[in-house]
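Written below as structure tokens is the structure these notes are about.
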Amino acid sequence: QVQLVESGGGLVQAGGSLRLSCAASGRTFSRYAISWFRQAPGKEREFVIGVIRSSETTYSADSVKGRFTISRDNTKNTVYLQMNSLKPEDTAVYYCAASSGFLVSRNSRNYDYWGQGTQVTVSS
């Protein structure tokens, strides 16, 4: 019912910025909570940041607070992840995920749909 496609990843220097996009299909997109997760080689997938149906309510991991911002444009069926002051430890594959429960969760099991991911590499 919902398909997600991430884009915008790439290679940047430490301290730089990237903006990721998660484009979604489906008429019920606006009802879903959307979150970004990331997974580095050899590590478990971790929650990064999420937003409910309103962009006014967002949640983020402590490691990215003040640096990453999530927003959504329901008219365009797109969620954005603005990443500033990037650090080498931010290097990972970034995934967007949608929860039909309409709530943001740090547990990846609570998400019903996933994109294929986009690579973000931050050089030191």
Side-chain angles (χ1 to χ4, degrees):
Q1 298 94 319
V2 176
Q3 290 77 46
L4 307 173
V5 180
E6 304 95 334
S7 62
L11 173 64
V12 298
Q13 294 290 119
S17 299
L18 279 176
R19 189 192 193 198
L20 306 184
S21 297
C22 176
S25 63
R27 291 181 292 178
T28 60
F29 169 78
S30 63
R31 304 177 186 176
Y32 287 74
I34 305 294
S35 293
W36 289 90
F37 288 76
R38 66 186 181 187
Q39 187 167 24
K43 297 183 179 180
E44 296 183 350
R45 189 169 299 185
E46 65 173 341
F47 172 83
V48 177
I49 194 168
V51 61
I52 59 174
R53 62 188 301 172
S54 171
S55 293
E56 296 178 353
T57 304
T58 62
Y59 308 86
S60 63
D62 290 341
S63 61
V64 304
K65 284 185 177 179
R67 300 190 298 121
F68 290 12
T69 303
I70 189 171
S71 62
R72 67 190 298 167
D73 187 340
N74 290 330
T75 64
K76 298 180 179 180
N77 280 8
T78 302
V79 173
Y80 304 97
L81 175 60
Q82 180 66 47
M83 304 184 294
N84 299 324
S85 301
L86 284 163
K87 305 175 181 179
E89 52 262 42
D90 295 319
T91 295
V93 176
Y94 283 71
Y95 301 88
C96 62
S99 172
S100 60
F102 314 134
L103 299 175
V104 171
S105 174
R106 287 173 166 78
N107 190 337
S108 62
R109 295 180 180 179
N110 293 329
Y111 293 83
D112 305 286
Y113 306 100
W114 293 82
Q116 67 273 68
T118 185
Q119 177 71 46
V120 172
T121 302
V122 184
S123 61
S124 59

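Please read all numbers here as calculations on a predicted model, not as lab measurements. The figures here come from the full heavy-atom set of this structure, side chains too, leaving out hydrogens, waters and symmetry mates.
Residues satisfying the ring pair (Phe, Tyr, Trp, His ring centres under 6.0 Å) test with Y95, not counting sequence neighbours, are none. Taking the salt bridge (Lys or Arg N to Asp or Glu O under 4.0 Å) definition, one finds that K65 meets it with D62, sequence neighbours left out. Listed by chain and residue number, N110 satisfy the side-chain hydrogen bond (donor to acceptor under 3.5 Å, both in side chains) test with S105 (two or more places apart in sequence, or in another chain). Here R67 pairs with D90 under the salt bridge (Lys or Arg N to Asp or Glu O under 4.0 Å) rule; sequence neighbours left out. Residues satisfying the side-chain hydrogen bond (donor to acceptor under 3.5 Å, both in side chains) test with N84, not counting sequence neighbours, are S17, Q82. With sequence neighbours excluded, the residues that form a side-chain contact (heavy atoms from CB on, under 4.5 Å) with V120 are L18, L20, M83, Y94, V122. Scored by the side-chain hydrogen bond (donor to acceptor under 3.5 Å, both in side chains) test, Y113 finds Q1 as partners (sequence neighbours excluded). For S124, there are no side-chain hydrogen bond (donor to acceptor under 3.5 Å, both in side chains) partners two or more places apart in sequence or in a different chain. The ring pair (Phe, Tyr, Trp, His ring centres under 6.0 Å) check on Y80 picks up nothing, with sequence neighbours excluded.
Sorted by first then second residue, the salt bridge (charged side-chain N to carboxylate O under 4.0 Å, His left out) pairs that include residues 104-117, not counting sequence neighbours, number zero. Applying the salt bridge (charged side-chain N to carboxylate O under 4.0 Å, His left out) test to residues at least two apart or on different chains, none of the pairs has a partner in residues 1-25. Applying the salt bridge (charged side-chain N to carboxylate O under 4.0 Å, His left out) rule to pairs touching residues 40-49 yields R38-E46, sequence neighbours excluded.
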Exercise. Might you work through the ring pair (Phe, Tyr, Trp, His ring centres under 6.0 Å) test for F47 and W36, ending with a clear yes or no?
Key: CA-CA 6 Å; F47 172 83; W36 289 90; over 10 Å; no

